[in-house]
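Have a look at the structure below before the remarks.
Protein chains get the first letters and strands the later ones, always in sequence-line order, with residue 1 at the start of each.
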2 protein chains.
Amino acid sequence: MDAVSETRQKLIDGAVETIRTHGISGVSARTIATTAGVNQALVFYHFGSVHDLLSEACMVHTQATVTAYQPRLDKVTTLQELLATGRELHAGQAEIGNVKVLAQLLAGSQNDPELAKATGAALALWTTAVEQVLVRVMAGSPVKDLLDIGGLARAVSAGFVGLELFEGVDPQGARQALDTLDQLAVLVEVVDDLGPVARRAFRAKVKRVADR
Amino acid sequence: MDAVSETRQKLIDGAVETIRTHGISGVSARTIATTAGVNQALVFYHFGSVHDLLSEACMVHTQATVTAYQPRLDKVTTLQELLATGRELHAGQAEIGNVKVLAQLLAGSQNDPELAKATGAALALWTTAVEQVLVRVMAGSPVKDLLDIGGLARAVSAGFVGLELFEGVDPQGARQALDTLDQLAVLVEVVDDLGPVARRAFRAKVKRVADR
DNA sequence: GTCTATACTGGGATAGAC
DNA sequence: GTCTATCCCAGTATAGAC
């Protein structure tokens with residue numbers, strides 16, 4: 001039935017769960033194997049090393065989560081809704097905290113080029129999804145031509161990772177930050193809704209300041 | 001001369017250096033002691049545990065970096081300059097990457113309440129400094145009353161941490177994101193510069209959307 | 001092909017030397 | 001008060017059993 005070994009799957013799930021509960025610094029072949037309920041040495045048999053298991057788990061889990069959230073993202077029509085979907089993803093029990101896992105892997109990738117390759121690819125799945133939403137949401141906006149949407153998507157993704165980590169040390173502050181971003185999203189919408197006169201003045205100002 | 005033991009200082013410096021070069025998952029009493037050039041057991045004599053050393057090092061290093069950057073922050077008059085100072089801080093060799101160190105400690109804090117207390121306090125030093133700048137920069141802005149500056153300061157700090165981690169796996173993408181934030185800062189300035197008519201229309205729109 | 005027993009290295013912590 | 005020698009456990013990895 002299953003093309004992929006059952007033990008392999010157990011180890012991948014165990015790796016994700018271990019990162020969630022123990023963080024990147026608590027990850028080892030032993031802790032993962034204990035969580036997965038298999039012998040520790042199987043990590044090396046099936047994946048060659050802990051790094052390689054983490055890389056694989058990172059991709060599989062992120063792929064699954066992005067796919068699961070795609071329908072919701074497809075329905076997003078405003079920046080506020082995008083933010084709300086992000087908060088949902090952040091708090092959601094369903095896909096068990098992919099952002100949390102990614103944040104830990106990202107931290108671990110800073111001094112590990114091998115892992116960096118995998119987390120970079122996983123993060124790209126998110127930024128691509130976010131970019132698609134932004135292109136759609138900002139299609140009719142005058143702001144569209146003034147901002148690099150790809151760069152904005154990357155900033156949004158990075159911001160969510162940062163907020164995830166922030167929340168771990170200051171939950172109240174993180175909520176406060178997210179609420180403020182909500183206000184900011186409203187502001188952008190408002191700029192979109194300016195009348196034609198103000199809009200023209202707006203564009204002119206942008207050109208002037210940008211050429212500074 | 002020195003009120004604080006020389007070995008203590010060596011260990012604190014060694015801890016910071018080890019986090020920078022090996023990341024949070026490469027930190028141990030042994031690696032720190034090797035970097036510091038002292039016996040491994042001295043970590044436990046002087047600080048009781050590795051966690052406690054990290055907590056202390058986190059506070060000392062962040063305090064020193066914030067103090068070193070305060071004069072530069074005091075000179076900031078626009079959002080773009082704030083962003084530029086952030087980029088400088090990020091790349092700067094001088095205070096040897098406090099953001100990088102904080103990002104790693106933040107990741108390690110997610111599953112360690114003790115460490116979370118210290119990194120939370122350290123991060124608060126940054127958010128307070130950023131908030132002061134924002135209050136000053138936005139003093140004359142119509143946007144001021146529509147945004148929670150404290151929340152914005154937290155979002156900015158979290159964003160920088162996120163971008164630091166992002167850079168480790170995708171340096172080009174991180175630069176792209178920062179460039180886009182620069183464009184966004186211009187946009188906000190532009191809104192500030194709107195004439196009185198557009199400004200009034202703007203406020204009205206904000207109220208309408210916000211009450212949604 | 002899958003897994004266990006086992007070897008070896010590095011990590012946290014302390015008892016006790018100086 | 002300061003530091004070293006030493007203990008024991010957790011970590012990676014492999015040789016070889018099934």
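- When rounded to the nearest whole Å, the span between CG of L53(A) and P of dA13(D) equals 12 Å.
- Pairing each heavy atom of T67(B) with each of P71(B), the nearest pair is O-CD, 3.5 Å.
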For N98(A) and W126(A), what are the C-alpha separation, side-chain angles and deciding distance, and is it a side-chain contact (heavy atoms from CB on, under 4.5 Å)? CA-CA 11 Å; N98(A) 180 248; W126(A) 276 119; 2.9 Å; yes
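- If you take CD of E6(B) and C1' of dG1(D), they are 16 Å apart, rounded to a whole angstrom.
- In terms of phosphate contacts, H46(B) brings a side-chain nitrogen or oxygen within less than 4.0 Å of OP1 or OP2 of dC3(D).
- Protein atom CG of N39(B) is 7 Å distant from nucleotide atom C1' of dC3(D), rounded to whole Å.
- Looking at residues two or more places apart in sequence or on another chain, you find no salt bridge (charged side-chain N to carboxylate O under 4.0 Å, His left out) involving D74(A).
- Under the 3.5 Å distance criterion, the side-chain polar atoms of R154(A) are left unmatched by any main-chain donor or acceptor of A124(A).
- At the phosphate of dC3(C), OP1 or OP2 sits under 4.0 Å from a side-chain N or O atom of T7(A).
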Check against side-chain contact (heavy atoms from CB on, under 4.5 Å), Q63(B) and L125(B): CA-CA 7 Å; Q63(B) 185 69 262; L125(B) 292 176; 4.0 Å; yes
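- Remark: nothing in residues 108-119 of chain B comes within less than 4.0 Å of DNA chain C through any heavy atom.
- End-to-end axis angle of the helix from dG1(C)-dC18(D) to dC18(C)-dG1(D), using five pairs per end and rounding to 10°, comes to 0°.
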Can you tabulate the close N/O pairs, meaning under 3.5 Å, that link protein atoms to atoms of nucleotides 8-13 of chain C?
residue: dG11(C); atom: OP1; partner: S28(B); partner atom: OG; Å: 3.4
residue: dG11(C); atom: N7; partner: R30(B); partner atom: NH1; Å: 2.5
residue: dG12(C); atom: OP2; partner: A29(B); partner atom: N; Å: 2.7
residue: dG12(C); atom: O6; partner: R30(B); partner atom: NH1; Å: 3.4
residue: dA13(C); atom: N7; partner: Q40(B); partner atom: OE1; Å: 3.1
residue: dA13(C); atom: N6; partner: Q40(B); partner atom: OE1; Å: 3.1
residue: dA13(C); atom: N6; partner: Q40(B); partner atom: NE2; Å: 2.9

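- Taking side-chain N and O atoms only, Y45(A) has no distance below 4.0 Å to OP1 or OP2 of dC3(C).
- Listed for the K144(A) side chain is a donor-acceptor partner under 3.5 Å among the backbone atoms of A139(A).
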Should T77(A) and E81(A) be marked as a side-chain hydrogen bond (donor to acceptor under 3.5 Å, both in side chains) after you check the CA-CA gap, both sets of side-chain angles, and the distance that decides it? CA-CA 7 Å; T77(A) 57; E81(A) 281 173 31; 3.2 Å; yes
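- Annotation: salt bridge (charged side-chain N to carboxylate O under 4.0 Å, His left out) contacts involving residues 53-64 of chain B, sequence neighbours excluded, comprise R8(B)-E56(B).
- Every side-chain contact (heavy atoms from CB on, under 4.5 Å) that T31(A) has, sequence neighbours left out, goes to T18(A), S28(A).
- Atom CG of L42(B) is separated from atom P of dG1(D) by 16 Å (rounded to the nearest Å).
- Heavy-atom contacts from other residues, nucleotides or ligands closer than 6.0 Å to CD of Q9(B) number more than 12.
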Would V50(B) and R30(B) satisfy side-chain contact (heavy atoms from CB on, under 4.5 Å), going step by step from the backbone distance to the final call? CA-CA 10 Å; V50(B) 177; R30(B) 281 176 138 90; over 6 Å; no
